[in-house]
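Take a look at the structure set out below.
Start at 1 with the first residue, then count along the sequence.
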Amino acid sequence: MIDDGVRARRNDVYIFFGLACGITWALDLPLALAWATNTTPPSYAMPMVGLGALGPSLGAFILAARRGELRDVFGRWRTPPIWIVLGLMLPMLVQLPATVIEVALGGHPAHWLYPPVRPEHFAALVMFPLGEEFGWRGFAYPRLAQRHGPVVGSLILGAVWGLWHLGMLFAPDPLRALPATTILVYMLDLALWSVVVAWMFERGSRSIAVAIAIHAGGHLDNISRAPETEVRLRILRILVLAVVAGFAAHSLTRAKDGGEALAS
């Protein structure tokens, strides 16, 4: 028979998902409404979206404080520095081969890299990793991995991670509807990245610094700003990412099945 306390802790991750999405979507609402009504967003809409980036970490703080687990969620920083460096470089290293293949096939990518160039890009570089990763990897992933295993747990997390982003997928300038295929590809991309991040997170002793570094690396080379007309290159990026995620999943499964101690 399952103890009530154990059952409550198992449900914490789903409560967390509700808090993370609820906080963020409430703050994204003015921008989403402007998109839905084809009107100019109010001046406070974008600052509210910025604050919405804190939804996962705020949700994690609320639940971890309630359980007396703040140190476990917010205090795991130690890791060999090489994992932080690799984390910052990982998105570029995964995305670069697709660009090389595209050029070899005769393509002409608009850019090889998409570094931050505008003030809001630099703000996102700081706000989103800190606002998200204490929640996704610090709070949710360890609980999902314990219950479902690291691969299935990371895929569940990736699906929610994608859903959480939906409120931010409405471009304010100019207001436009995103094609359904773009949204689906974006969701798939995050699910695959969730497995890759899980592998690095485990190898880096479940240090939150590793997760933050990878997320920051995604903003140092943010391919979401690439032209949607580069269809073949987008497909190549997904294929390369899928291969990397496959290797990551195999490594995570082998470690679990072989009795290799994953970081606790």
Side-chain angles (χ1 to χ4, degrees), residues 2 6-25 52-64 66-67 69 72-74 76 87 90-91 94 128-129 131-169 183-208 210-212 214-215 218 238 241-257 260 262-264:
I2 300 175
V6 173
R7 184 181 290 107
R9 282 176 168 78
R10 284 185 176 181
N11 290 333
D12 275 355
V13 70
Y14 303 109
I15 297 171
F16 160 73
F17 287 153
L19 282 172
C21 291
I23 292 169
T24 299
W25 291 350
L54 301 174
S57 290
L58 286 174
F61 180 85
I62 291 168
L63 291 173
R66 180 185 176 191
R67 297 292 184 194
E69 298 173 354
D72 290 339
V73 175
F74 291 86
R76 296 181 65 98
L90 183 64
V94 171
F128 283 94
E132 293 184 49
E133 289 306 327
F134 291 107
W136 301 139
R137 253 56 65 169
F139 186 89
Y141 170 76
R143 288 158 176 78
L144 290 168
Q146 183 179 35
R147 188 169 183 180
H148 303 286
V151 177
V152 174
S154 60
L155 287 171
I156 293 171
L157 177 57
V160 179
W161 194 17
L163 288 172
W164 177 83
H165 277 87
L166 287 182
M168 302 178 188
L169 292 182
I183 295 175
L184 289 174
V185 168
Y186 188 77
M187 299 278 286
L188 174 62
D189 186 78
L190 288 178
L192 293 172
W193 267 113
S194 185
V195 178
V196 176
V197 174
W199 180 81
M200 284 281 287
F201 188 56
E202 295 285 6
R203 300 293 293 180
S205 304
R206 287 192 175 179
S207 166
I208 198 65
V210 175
I212 289 173
I214 298 171
H215 203 135
I238 286 290
L241 177 57
V243 170
V244 174
F247 280 110
H250 177 70
S251 178
L252 287 167
T253 303
R254 185 178 59 183
K256 181 176 182 292
D257 292 346
E260 182 180 321
L262 293 174
S264 59

| request: For Leu188, enumerate each residue passing the side-chain contact (heavy atoms from CB on, under 4.5 Å) test, keeping only those at least two apart in sequence or located in another chain. | output: Leu192, Ile238
| message | Restricting to side-chain contact (heavy atoms from CB on, under 4.5 Å), what partner residues turn up for Ser194, sequence neighbours left out? | response | Arg137, Ser154, Leu157, Trp161
| request: Decide yes or no for Phe61 and Val73: does some side-chain heavy atom of the first lie under 4.5 Å from some side-chain heavy atom of the second? | output: no
| said: I want to check something: taking the side chain as every heavy atom from C-beta on, are Leu19 and Leu58 in contact at a cut-off of under 4.5 Å? | reply: no
What closest approach, in Å, do [X] and [Y] show between heavy atoms, and which atom pair accounts for it?
X      : Y      : result
Gly218 : Pro91  : N-CG, 3.3 Å
Thr24  : Gly52  : OG1-O, 2.7 Å
Val196 : Ala245 : CG2-CA, 3.7 Å
Glu132 : His165 : OE1-CE1, 3.7 Å
Arg76  : Ser205 : NH2-O, 3.3 Å
Val210 : Met200 : CG1-O, 3.8 Å

When rounded to the nearest 0.5 angstrom, what is the spacing between [atom1] in [X] and [atom2] in [Y]?
X      : Y      : atom1 : atom2 : result
Ile208 : Phe74  : CD1   : CZ    : 8.5 Å
Ile156 : His148 : CD1   : NE2   : 4.0 Å
Leu163 : Leu190 : CG    : CG    : 10.0 Å
Arg143 : Leu63  : CZ    : CG    : 8.0 Å
Phe201 : Glu133 : CZ    : CD    : 8.5 Å
Ser251 : Arg203 : OG    : CZ    : 6.0 Å

| task | Evaluate the ring planes of Trp136 and Trp164, with Trp represented by its six-membered ring, and classify them as parallel (under 30°), tilted (30 to 60°) or perpendicular (over 60°). | result | perpendicular
| field | Geometric class of the Phe16/Phe139 ring pair [parallel <30°, tilted 30-60°, perpendicular >60°] | value | tilted
| message | Pair Phe247, Trp199 - check side-chain contact (heavy atoms from CB on, under 4.5 Å), show working. | response | CA-CA 9 Å; Phe247 280 110; Trp199 180 81; over 6 Å; no
